[in-house]
2 protein chains.
Amino acid sequence: MTLSDKNYAFVMHCGEMGSRWGFNRTIGQMCGLLIITKEPMTANEIADGLSISRGNVSMGIKELQSWRLIKVQHIPGDRKEYYAPAGTIWDMANRVFEERKKREIDPTLSLLRDNLIEPATNDDEKFAQQQMHEIHDLLETVTKWSSELQRLSPEQLQSLMKLGSGIGKVLDFKDKILKKQ
Amino acid sequence: MTLSDKNYAFVMHCGEMGSRWGFNRTIGQMCGLLIITKEPMTANEIADGLSISRGNVSMGIKELQSWRLIKVQHIPGDRKEYYAPAGTIWDMANRVFEERKKREIDPTLSLLRDNLIEPATNDDEKFAQQQMHEIHDLLETVTKWSSELQRLSPEQLQSLMKLGSGIGKVLDFKDKILKKQ
DNA sequence: CATTGGTTTCATTATTTATTGAAACTTGAA
DNA sequence: TTCAAGTTTCAATAAATAATGAAACCAATG
C-alpha cells in the first residue's frame with residue numbers, strides 16, 4: 001500500500017513537527033500514518049510505509065505506547081500485532097497534553113517546592129525566591145486548571161470550548177452565580 | 001558574582017528543562033539566570049555565570065529576543081548592553097505559550113487547510129480527510145480559545161484561573177446567561 | 001580617522017540524539 | 001521440544017544540534 005500525495009504530505013508534515021510536539025521525526029510520522037490509515041497496521045507495514053528499519057519502528061511503538069497514543073490489536077489466527085490509534089483525535093490530543101504537562105511542568109513544580117521550603121538566607125536569595133514563588137504559583141494554577149478540565153464531561157468541555165468570545169460575559173456573571181450556589 | 005546553591009540548582013534545572021520548553025539547555029539556563037537575578041546582566045556576566053562562551057551567549061540572546069523574553073537596557077555612560085527579563089513571570093509564560101502555538105500549531109493548521117481544500121479522490125483519502133478534518137477543527141478551537149484568552153483583561157484571566165472547580169457550575173449557567181445578553 | 005570597548009558571525013569541533021541491522025529473545029503450533 | 005514467524009534489544013554508526021573562539025564587525029571617543 002502506498003500513500004497518495006496528500007496523505008504522504010500529511011505524514012511527512014507530522015514528521016517535521018514531531019520534535020516540536022515532544023517526540024521525534026520518526027515517531028511523528030508513525031503517529032500521522034496510523035491516524036490517517038483506516039485499518040490497523042503491522043510493524044512491518046509501518047516500516048515499509050515510512051522506509052525505516054524494523055528496529056526503529058519497534059522503538060517508536062514503545063514510545064507511542066508510553067504516551068498512550070496507540071493500542072495493539074490482534075486478528076484471530078494471525079500472529080502479528082496490529083497497531084491503531086488509541087481513541088479519537090480528541091483523546092489523543094488530551095493524552096499529549098497530559099503527558100507533556102507531566103514532562104514539562106511537574107518536574108519544575110517539584111523542584112520549586114523543595115527550593116521554597118527553607119527561607120532565603122540573603123538578599124540575592126530573597127529576590128530569587130520571590131521570582132520562584134511566582135513561577136510556582138503560576139504552575140500550580142495551570143496544574144489545577146488542567147486537572148479541572150480533565151474532570152469535566154466531554155459535553156461540558158465542548159460547551160466551554162465553543163464558548164469563545166462569550167467567555168468574557170460568562171465571567172462577568174461569575175460572582176452572581178457563585179453566590180447562588 | 002557566584003550563585004548560591006539553591007539559585008544554582010534552579011538555573012541548572014532550567015537548563016535541563018530547556019529543550020522540553022522549546023529551546024535548548026543554554027538558553028534555558030540563561031533565562032533562569034536572568035529571572036532570578038535582580039539586576040540586569042551583561043553578556044559577559046552571563047557567560048561567566050554559566051561558564052559558557054561569549055559567542056554562545058550572543059546566540060542565546062538573539063534567540064531569547066526572538067521569543068520576546070528579554071529586553072536590553074542601557075546605563076548612561078556605560079557602553080555595554082544590559083539584559084533583563086521582558087516583563088513579569090506571567091508575561092513571560094504568555095509569550096512562551098504564544099510563541100509555541102505559533103511553532104507547534106499554526107504550521108499544521110495551514111497544511112491541513114490546504115490539504116482539505118480539494119475533495120478526496122478515493123476511499124483512503126476520504127477516511128484520511130475525515131481524520132484531518134477532526135484535527136483541523138480541534139486546532140481551530142484551540143487557536144480561537146487562546147486568542148480569546150489573550151483578549152481578556154488580566155483581572156478576568158485571574159478570575160477565570162482562580163475559578164477552578166467552579167467552572168462546572170458556571171458552565172451550567174451558560175445557557176441562561178447567553179439568553180439574557 | 002584611528003583606537004578601543006564591545007558585539008556578532010560562522011567555520012570548526014564536540015555533544016547529543018536518532019537509526020540501523022544483526023543477534024537474542026518470545027511464543028504458538030506441529 | 002523444535003521450528004518458524006514475529007518482536008525486541010543494543011552496540012555501532014549516522015545525522016542533527018549545540019558550543020567554541022578567532023576574526024570580522026560596529027560605533028562612540030579622543
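Below, chain A is the first sequence line, B the second, and so on; all start at residue 1. Keep in mind that this is a model prediction, so the values were computed, not measured.
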What side-chain donor-acceptor pairs closer than 3.5 Å can you find for residues 21-39 of chain B, not counting sequence neighbours?
unit_1: B:Trp21; atom_1: NE1; unit_2: A:Glu104; atom_2: O; d: 2.9
unit_1: B:Asn24; atom_1: OD1; unit_2: B:Thr26; atom_2: N; d: 3.1
unit_1: B:Asn24; atom_1: OD1; unit_2: B:Ile27; atom_2: N; d: 3.0
unit_1: B:Thr37; atom_1: OG1; unit_2: B:Leu33; atom_2: O; d: 2.7

Side chains of residues 110-119 of chain B: which donor-acceptor partners sit under 3.5 Å, not counting sequence neighbours?
unit_1: B:Arg113; atom_1: NH1; unit_2: B:Glu140; atom_2: OE2; d: 2.7
unit_1: B:Asn115; atom_1: ND2; unit_2: A:Lys6; atom_2: O; d: 3.3

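For A:Lys71, there are no salt bridge (charged side-chain N to carboxylate O under 4.0 Å, His left out) partners at least two apart in sequence or on another chain. Taking the salt bridge (charged side-chain N to carboxylate O under 4.0 Å, His left out) definition, one finds that A:Asp123 meets it with nothing, sequence neighbours left out. B:Thr88 pairs by the side chain to side chain donor-acceptor pair (under 3.5 Å) definition with B:Asp91, not counting sequence neighbours. Every salt bridge (charged side-chain N to carboxylate O under 4.0 Å, His left out) that B:Glu99 has, sequence neighbours left out, goes to B:Arg68, B:Lys102, B:Arg103.
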Dump the pairs, protein N or O against N or O of nucleotides 9-18 of chain C, anything under 3.5 Å, distances to one decimal.
unit_1: C:dT9; atom_1: OP2; unit_2: B:Lys62; atom_2: NZ; d: 3.1

Between the protein and nucleotides 27-30 of chain C, list the N/O to N/O atom pairs that are separated by less than 3.5 angstrom.
unit_1: C:dT27; atom_1: O2; unit_2: A:Arg79; atom_2: NH2; d: 2.7

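Chaining together hydrophobic side chains whose heavy atoms lie under 4.5 Å apart places B:Ile75 alongside B:Tyr82.
At whole-Å resolution of the value, NE2 in A:His74 and P in C:dT26 are 16 Å apart. To the nearest angstrom, C1' of C:dT8 lies 10 Å from CD1 of B:Ile61.
Residue pairs meeting the ring pair (Phe, Tyr, Trp, His ring centres under 6.0 Å) criterion with at least one member in residues 36-58 of chain B: none, sequence neighbours excluded. Every pair tested for ring pair (Phe, Tyr, Trp, His ring centres under 6.0 Å) that includes a residue from residues 96-132 of chain B fails, sequence neighbours excluded, so the list is empty.
The residue among B:Ala43 and A:Ile52 whose nearest nucleotide of DNA chain C is located toward the 5' end is B:Ala43.
Cluster annotation: B:Met59 and B:Val11 are assigned to distinct hydrophobic clusters (Ile/Leu/Val/Met/Phe/Trp/Tyr, side-chain heavy-atom contacts under 4.5 Å, transitive).
First and last contacting nucleotides of DNA chain D toward chain A (any atom under 4.0 angstrom from a heavy atom, 5' to 3' order): D:dA4 to D:dC10.
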